[in-house]
Amino acid sequence: AGTRLRGKPGTPVEITVKRGGREISFRVVREVITIHAVSTKIINNPSGAIGYIKVKTFSETMPEEFRKEITGLRNKGIAKVILNFRNNPGGLLNSALDILYDFARSDDIFMVMRERAKSTIFDTAFVKQKLTLSRESGMFRDMRVVVLVNKGSASASEPFAGTMQDWEFPVVGSRSCGKVVCKPLFP
C-alpha cells in the first residue's frame, strides 16, 4: 500500500479504507513529510531552567539539528541538559560520533572497535579526520548533562551513552537493548 501512496508531491491520490464493514474513500494530496530527529523543551525548576532534548534517531540530519537545539539552550543561559535516548532505535553510528565529538576533550577515546585480529581506536583525532570535521572538539563539554536510556535504547544510542558514561557524564535508566551492532562506518 505504501508504494501506491508515494508519488510526486502536490499530486492527488485516492485512498479507500474499510471502517465498520463499509468502504470509505478519501482524496488526499501527496506532500513531502519531514521527520525531525530532535525535539527540545525547557523545564522550569526553582534551582534554574533545565534543557530537555529528546533524540528520536541517529539520522543524517540529527547532528545538525542537535547542535542547533543545544546551542539555542546555551544561548538562553541554560547549562544543565537532559539528553533523552529512551526508545531510540539507533541509526547511523557516524551521527553518534559526530555529537560525541562535541563533548570530547582533545585526548578522549570514544571506543575501541575489534574486528577479528584487528583493533581500531576511535579517539578525538581519528573521529575528526574520518568525519572530516573542521570544528574543534568539546564545544559542549562544560555543560552539565544527564543521559537517559532504557531497554528501547539500541544500536548507535548504546555506544553514545556508554562513551558519555566513560567520560563521567551520568547515564540514568534501565539496561539498554544490548544490540550494539554497527554497519561499516567509513567508505
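Computed from a predicted structure; not experimentally measured.
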- Pairs meeting criterion side-chain hydrogen bond (donor to acceptor under 3.5 Å, both in side chains) with involvement of residues 118-127, two or more places apart: none
- Using a distance-only test with no angle check, is there a side-chain donor-acceptor pair under 3.5 angstrom linking Thr61 and Ser59? yes
- Exam field: side chain Glu69 to backbone Phe66, donor-acceptor pair closer than 3.5 Å: no
- Item | Those residues that, when tested against Arg144, pass salt bridge (Lys or Arg N to Asp or Glu O under 4.0 Å) (two or more places apart) | none
- Query: Looking at residues at least two apart in the chain, or sitting in another chain, which of them share a salt bridge (Lys or Arg N to Asp or Glu O under 4.0 Å) with Asp107?
  - Reply: none
- Where at least one partner belongs to residues 29-41, residue pairs that pass salt bridge (Lys or Arg N to Asp or Glu O under 4.0 Å), sequence neighbours excluded: none
- salt bridge (Lys or Arg N to Asp or Glu O under 4.0 Å) filter on Lys128, not counting sequence neighbours, yields Glu136
- Does the side chain of Val145 reach to within under 4.5 Å of the side chain of Leu83, using non-hydrogen atoms? yes
- Using salt bridge (Lys or Arg N to Asp or Glu O under 4.0 Å) as the criterion, list what pairs up with Arg74, not counting sequence neighbours. Asp142
- Task: Go through the steps to decide whether Phe85 and Phe58 satisfy the test ring pair (Phe, Tyr, Trp, His ring centres under 6.0 Å), and finish with yes or no.
- Result: CA-CA 10 Å; Phe85 291 93; Phe58 285 92; 5.6 Å; yes
- Note on the structure: Apart from Val146 itself, members of its ILVMFWY cluster (side-chain separation under 4.5 Å) are Ile43, Ile50, Tyr52, Ile82, Leu148, Val172
- Query: Going only through I, L, V, M, F, W and Y residues with side-chain contacts under 4.5 Å, is there a path from Val147 to Leu100?
  - Reply: yes
Atom pairs and distances, side-chain donor-acceptor, residues 19-27, under 3.5 Å, sequence neighbours left out:
{"unit_1": "Ser25", "atom_1": "OG", "unit_2": "Thr16", "atom_2": "OG1", "d": "3.1"}

- Message: Suppose we screen for side-chain contact (heavy atoms from CB on, under 4.5 Å). Which residues come up paired with Ser174, at least two apart in sequence or across chains?
- Response: Asn150
- Item | Donor-acceptor under 3.5 Å (Ser157 side chain, Ala154 main chain) | yes
- Task: Report the residues that fulfil side-chain contact (heavy atoms from CB on, under 4.5 Å) with Ile42, sequence neighbours left out, ordered by chain and then residue number.
- Result: Asn44, Ala49, Leu73, Lys76, Ile78
Name each donor-acceptor pair under 3.5 Å that joins a side chain in residues 161-171 to protein atoms two or more places apart or in another chain, with its distance.
{"unit_1": "Thr163", "atom_1": "OG1", "unit_2": "Phe110", "atom_2": "O", "d": "2.8"}
{"unit_1": "Thr163", "atom_1": "OG1", "unit_2": "Pro159", "atom_2": "O", "d": "2.8"}
{"unit_1": "Trp167", "atom_1": "NE1", "unit_2": "Ile109", "atom_2": "O", "d": "3.2"}

- Task: Keeping to residues at least two apart or across chains, list the salt bridge (Lys or Arg N to Asp or Glu O under 4.0 Å) pairs with something in residues 93-102.
- Result: Arg67-Asp98, Arg67-Asp102, Asp98-Arg135, Asp102-Arg135
